[in-house]
Amino acid sequence: MKISPKSIVALSYTLTNNATGEEIEKTQEDKIMKFQFGIGELLLDFEKNLIGLQKDDKFDFVIEYNDAYGPVDKYAIFDVPKDTFEIDGIIDEEMIKIGNKIPMTDNQGNKHVGLITVVMENAITMDFNHPLAGADLRFKGEVQEVFE
């Protein structure tokens with residue numbers, strides 16, 4: 001059976017940053033990833049590269065950043081006043097460390113996750129870009145099963 005829109009597909013794969021070779025994600029043998037195609041939850045080019053494949057077919061393709069999570073948006077990196085993180089007048093210093101990801105809500109009620117990149121005396125620089133923004137993604141793996 002070949003992968004088609006609405007198929008549920010079990011894949012084993014390794015996802016790497018194509019420029020650096022850094023491993024981003026790798027499926028575990030006992031935890032094969034299952035995806036449903038054609039419902040808008042997957043990257044369009046991810047689906048395009050797998051449509052028509054069947055069980056035991058291998059794949060190896062790159063999705064350029066513009067077709068994945070887009071370029072890094074410099075306007076999604078900005079300083080947030082440190083007092084934004086106060087709860088009852090106290091700032092949890094363990095929470096505001098470089099590398100921590102903090103869930104935030106904007107003025108319209110939308111939820112975002114910001115990565116702390118700089119901690120200053122009165123402000124914190126946060127990056128709200130998708131973690132894979134600006135990265136060309138290489139997917140290499142095998143189709144384990146195709147379900148209708």
Side-chain angles (χ1 to χ4, degrees), residues 1-82 84-87 92 94-120 123-148:
M1 178 180 312
K2 292 184 177 186
I3 299 173
S4 63
K6 306 292 185 206
S7 292
I8 296 176
V9 182
L11 302 172
S12 60
Y13 67 90
T14 301
L15 168 61
T16 57
N17 179 315
N18 195 52
T20 65
E22 174 192 2
E23 185 177 288
I24 298 167
E25 181 177 72
K26 183 174 184 173
T27 58
Q28 303 296 320
E29 280 187 36
D30 60 337
K31 295 183 181 176
I32 300 300
M33 301 294 283
K34 290 184 182 173
F35 303 95
Q36 183 167 9
F37 280 62
I39 61 171
E41 291 185 358
L42 303 172
L43 293 171
L44 184 59
D45 280 14
F46 181 80
E47 289 192 16
K48 283 181 185 177
N49 278 283
L50 295 174
I51 290 289
L53 297 183
Q54 54 193 7
K55 183 178 177 175
D56 298 327
D57 283 350
K58 295 186 182 335
F59 56 86
D60 186 351
F61 58 87
V62 173
I63 300 176
E64 293 183 9
Y65 70 86
N66 279 324
D67 296 318
Y69 296 98
V72 172
D73 178 358
K74 67 180 181 179
Y75 295 108
I77 303 169
F78 52 88
D79 295 341
V80 177
K82 202 170 188 180
T84 303
F85 300 92
E86 283 184 10
I87 298 175
D92 180 356
E94 287 302 308
M95 179 178 71
I96 54 168
K97 292 192 181 242
I98 294 172
N100 282 355
K101 296 176 183 175
I102 309 291
M104 308 277 293
T105 305
D106 65 21
N107 294 337
Q108 289 76 40
N110 301 309
K111 297 191 184 300
H112 306 276
V113 175
L115 174 68
I116 297 175
T117 59
V118 178
V119 177
M120 298 170 278
I124 297 166
T125 304
M126 298 188 74
D127 182 348
F128 290 92
N129 283 288
H130 187 283
L132 299 178
D136 293 339
L137 306 176
R138 181 178 183 195
F139 292 88
K140 184 176 183 178
E142 183 175 348
V143 178
Q144 299 296 318
E145 194 65 62
V146 181
F147 309 94
E148 280 300 318

Revision key, fill the gap. CZ of Phe37 to CG of Leu50, rounded to nearest 0.5 Å, is 4.5 Å
Check your understanding: Just by distance, do the side chain of Thr117 and the backbone of Thr125 share a donor-acceptor pair under 3.5 Å?
Key -> yes
Check your understanding: Are more than 12 heavy atoms from other residues, nucleotides or ligands located less than 6.0 Å from atom NZ of Lys82?
Key -> yes
Check your understanding: Taking only residues two or more places apart in sequence or in another chain, which ones pass side-chain hydrogen bond (donor to acceptor under 3.5 Å, both in side chains) with Glu47?
Key -> none
Check your understanding: How about Phe59 and Asn49: do any of their side-chain heavy atoms sit closer than 4.5 Å?
Key -> no
Exercise for review: Look at the aromatic rings of Tyr13 and Phe139 and report parallel, tilted or perpendicular, splitting at 30° and 60°.
Suggested key: tilted
Review point. Roughly how far, to the nearest 0.5 Å, is the CD atom of Glu145 from the CD1 atom of Ile8?
Key: 11.5 Å
Point to revise | Close side-chain approach of Ser7 and Glu148, heavy atoms under 4.5 Å | key: yes
Practice item. Please round to the nearest 0.5 Å and tell me the distance separating atom CG of Asp45 and atom CD1 of Ile63. Key: 5.5 Å
Check your understanding: What do you reckon, is CD of Glu64 surrounded by more than 12 foreign heavy atoms closer than 6.0 Å?
Key -> no
Exercise for review: Taking Asn100 for its side chain and Ile116 for its backbone only, find out whether a donor-acceptor pair lies under 3.5 Å.
Suggested key: no
Point to revise | Greater than 12 external heavy atoms within 6.0 Å of Glu41's CD | key: no
Exercise for review: Not counting sequence neighbours, which residues clear salt bridge (Lys or Arg N to Asp or Glu O under 4.0 Å) with Lys34? List them please.
Suggested key: none
Review point. So with a 6.0 Å cut-off around CD1 of Ile39, is the heavy-atom count from everything else above 12?
Key: yes
Check your understanding: Only one of Thr14, Asp60, Asn17 clears side chain to side chain donor-acceptor pair (under 3.5 Å) with Arg138; which?
Key -> Asp60
